[in-house]
Number of protein chains: 2
Amino acid sequence: MADAKIKNMEEFAAISGISRPTVSKYFHDPNSVRKSTRERIEAALEQYEYRPNIFAVNQNRKLTKTIGILVPYLADPFFAEIARNIERRCIDAGYRPTLFSAHGSSDFEVEILDSLRSLKPAGVLLAPLGRISDKSAIEAFCRDVPTVLFDSNIEGMGEAFVGSDNYSFVSQTVEYLSRVGEPPSFFEMRNPANPNANKRRHAYIAMMERLGLDPHVIQIDGTGWGFEEIGRKGALKLLEEKALPTDTVLCSNDRLAIGFLSACFEKGVHVGRKVGCDLRVASHDDHPFSRFTCPSLTTAAHDYTAVSNHAVETLFRLIESGGKLERREESLFAAHLIMRASA
Amino acid sequence: MADAKIKNMEEFAAISGISRPTVSKYFHDPNSVRKSTRERIEAALEQYEYRPNIFAVNQNRKLTKTIGILVPYLADPFFAEIARNIERRCIDAGYRPTLFSAHGSSDFEVEILDSLRSLKPAGVLLAPLGRISDKSAIEAFCRDVPTVLFDSNIEGMGEAFVGSDNYSFVSQTVEYLSRVGEPPSFFEMRNPANPNANKRRHAYIAMMERLGLDPHVIQIDGTGWGFEEIGRKGALKLLEEKALPTDTVLCSNDRLAIGFLSACFEKGVHVGRKVGCDLRVASHDDHPFSRFTCPSLTTAAHDYTAVSNHAVETLFRLIESGGKLERREESLFAAHLIMRASA
DNA sequence: ATCAAAATTTTACGCGCGTAAAAAAATAAT
DNA sequence: ATTATTTTTTTACGCGCGTAAAATTTTGAT
């Protein structure tokens, strides 16, 4: 492997004593050539350093081995975590994942979709921004490129959607909170960027009514992706105005809850389920940091692994079947409750 | 722009009434062709949708417009934040950034470097894992690809290093803490993955000695990138054994501090600089979440913008000068103290 | 040994574009 | 109008590889 460098496949084929078309076949799929030739190629591969030029390969192959991954906001550890899982699986399956973040901007999202298109990826895993996404741009993209949506669903777009079952999240938290103490109010942003937020609100209301309880939805102002700060500001206002209808708050997501808890601490409000506490706070997502909040956050956790696995597997299936599925698939995974100190 | 799609540059040239070599020249640099022809091309560009095939372009051009960005751990919002800044600037400058994360593993790091090499990028911005990095692999990579290191320095590798001045961080926190209260102990991991940690420890000791104070370095066990959990475990042990030498703790970085604060809360230890508090805790980095800890974290902040800007600009300069700099450059940016409630 | 099946080699073309060289055209300067 | 200069066109080759078709070799079973 320390010998002179090989320029191209022609040269490498000559050295390994195999014809170029066969070598080409080998790189496409090592098992497509006879064992003895495979071994000869691999022997040469160990002596000489050669890898096919990826640009020439991609130009000529109908199907690239690239998989695009686009998430709305990579600085959110939740997406970073999912992306990590997905990347891993793609690599294991012999694909080359390329990761993009829309950085919370729909302009960026469209721009990335555009440059993703020119990469001619075998498939794309797309977690759209949601409400502010340019729907028509996404729809056009999905028509051209085999795409599986995840995290946020947009009706009818992509060949499949894989995400979490928001009803499962909320029903578990609401059930637990109201069984053990006062029923929860629901704390959320007035104009949530993410469609999951709406589903969670509806699930909250439905669940409360099923339990014969009065739903209280508290909506706070704020835009953008600085959820913690939005939650903190909203909570500060509520606490100052003593406007909380119950002593239990269920936040739409963990990042809002992180802000909420920080506001409580500032105001000297004791959060927790122990005696002497003023307030219980729970939430959804099991954000990587939620176990380090003060107090640690009771939350409903995504089945990260199941979601990312199934998203990737669905995409592989989609790719193998030529970019089209019989019918659009929707897969939702249940949450599981993680009881910590906050509620 | 809704007209029939163009297959290749040949076709597009025919339609726009310009010869293909000239069109090629235009896409390389629009200002390299006469104004009148530029306008004709751009007029055609508005009517017909055409973009040069990126693979064919990259195969034939000596220099790609790709810039590789590799960070050690993208699930750490600190790196996500830096990556966001860098991506932005690269796009603005007409490059195509591609982001990779080593996910904390040196195997991954080498693997990514390898696939990065085959992308023939114009340049690479590399934040190495640090201690566990495969130095020889990185060195070999830097020889082949114009590379600027950032965040963690590895002596002699890459054409330049851009990062923060650890001494500036620590001197400010130590000075402040010991001026206002009891001098701090230094809380860190025994075997830090990141070389900055070592520099911070040395800076702490030097600064304490300069102030005529006794340094106390507390080293805790733990490996990997789950710093919060490591910090929490370490702090729990310290608090249980009442092993803290002073009532002021300076953590090596914010993620450790987040864990420390969570342990304090669990143990009922009151952190803050107000009267009645048991402990002051400060740290370094200004992690995106450090303002939402309980209490909010006093910390020394990176000049994120300056670091990412200067890293990118250095890389551009490096690219323009053909991949070599007169001599290796090292640029360090000062921190600024952010006073919050924890100390 | 015989023969069909499977794998490989030979040969050749195409992908979409960069780019060099010479000829032609357009522009600017005198 | 003439000449010098800049820009564009024509022509042609190369990049590294995919892939098709026909010829050849190897393999495995009889």
Side-chain angles (χ1 to χ4, degrees), chain A residues 4-45 48-66 94 96 115 117-122, chain B residues 4-45 48-66 94 96 115 117-122:
Chain A
K5 275 208 180 170
I6 273 60
K7 214 183 58 185
N8 55 26
M9 196 180 278
E10 193 81 51
E11 248 181 69
F12 178 77
I15 284 174
S16 57
I18 305 285
S19 74
R20 190 175 69 74
T22 307
V23 170
S24 170
K25 220 176 156 211
Y26 167 84
F27 278 109
H28 186 87
D29 174 13
N31 288 315
S32 67
V33 302
R34 200 191 294 143
K35 195 180 165 210
S36 60
T37 56
R38 183 166 57 243
E39 278 164 359
R40 285 171 69 188
I41 293 178
E42 274 158 4
L45 222 38
Y48 302 88
E49 200 174 316
Y50 167 74
R51 297 181 55 169
N53 179 309
I54 192 172
F55 301 115
V57 171
N58 283 341
Q59 180 179 19
N60 294 306
R61 236 215 288 273
K62 53 212 80 173
L63 218 61
T64 296
K65 274 291 189 181
T66 304
R96 318 174 95 266
S115 84
R117 191 188 250 115
S118 71
L119 283 178
K120 302 190 201 304
Chain B
K5 274 210 179 166
I6 274 59
K7 212 184 58 184
N8 54 26
M9 195 181 278
E10 193 82 52
E11 249 180 68
F12 178 76
I15 283 174
S16 58
I18 305 285
S19 76
R20 190 176 69 75
T22 307
V23 170
S24 170
K25 222 177 155 212
Y26 166 86
F27 278 110
H28 187 87
D29 173 13
N31 288 314
S32 68
V33 302
R34 199 191 294 141
K35 196 182 163 208
S36 60
T37 55
R38 183 165 58 242
E39 279 162 358
R40 284 171 71 189
I41 293 177
E42 274 158 4
L45 222 38
Y48 303 88
E49 200 174 315
Y50 168 73
R51 297 182 56 169
N53 180 309
I54 192 172
F55 300 114
V57 171
N58 282 343
Q59 180 179 19
N60 294 306
R61 236 216 288 274
K62 53 212 81 173
L63 218 61
T64 296
K65 275 290 189 181
T66 303
R96 317 174 96 267
S115 83
R117 191 189 251 114
S118 70
L119 283 178
K120 301 188 202 307

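In what follows, chains are A, B, ... by sequence order, proteins preceding strands, each numbered from 1. Model, not experiment: these values are computed from the prediction.
Among the nucleotides dG18(C), dG16(C), dT11(D), the one closest to the side chain of Pro21(B) is dT11(D). Of the candidates dT8(D), dG16(D), dT8(C), dG16(D) carries the atom nearest the Gln59(A) side chain, counting heavy atoms from C-beta on.
Between Thr37(A) and dT8(C), a side-chain N or O to OP1/OP2 separation shorter than 4.0 Å is present. The phosphate of dT19(D) (OP1 or OP2) has a side-chain N or O of Lys62(A) nearer than 4.0 angstrom. For dC17(C), the OP1/OP2 oxygens have a side-chain nitrogen or oxygen of Tyr50(B) closer than 4.0 Å. The phosphate of dA7(C) has neither OP1 nor OP2 within less than 4.0 Å of any side-chain N or O from Lys25(A). Within the 4.0 Å cut-off from OP1 or OP2 of dT8(D), not a single side-chain nitrogen or oxygen of Ser19(B) is found. An OP1 or OP2 oxygen of dG18(D) is reached within less than 4.0 angstrom by a side-chain nitrogen or oxygen of Ser24(A).
Per the geometry, CG belonging to Asn60(B) stands 5 Å off C1' belonging to dC17(C), to the nearest Å. Computed from coordinates, the Phe27(B) CZ to dG18(C) P distance equals 9 Å when rounded to whole Å. The distance from atom CD1 of Ile18(B) to atom P of dT8(D) is 8 Å, rounded to the nearest whole Å.
Counting only N and O atoms by type, the side chains of Thr22(B) and Ser19(B) include a donor and acceptor under 3.5 Å apart.
Ring geometry for Phe27(B) versus Tyr50(B): interplanar angle over 60°, hence perpendicular rather than tilted (30 to 60°).
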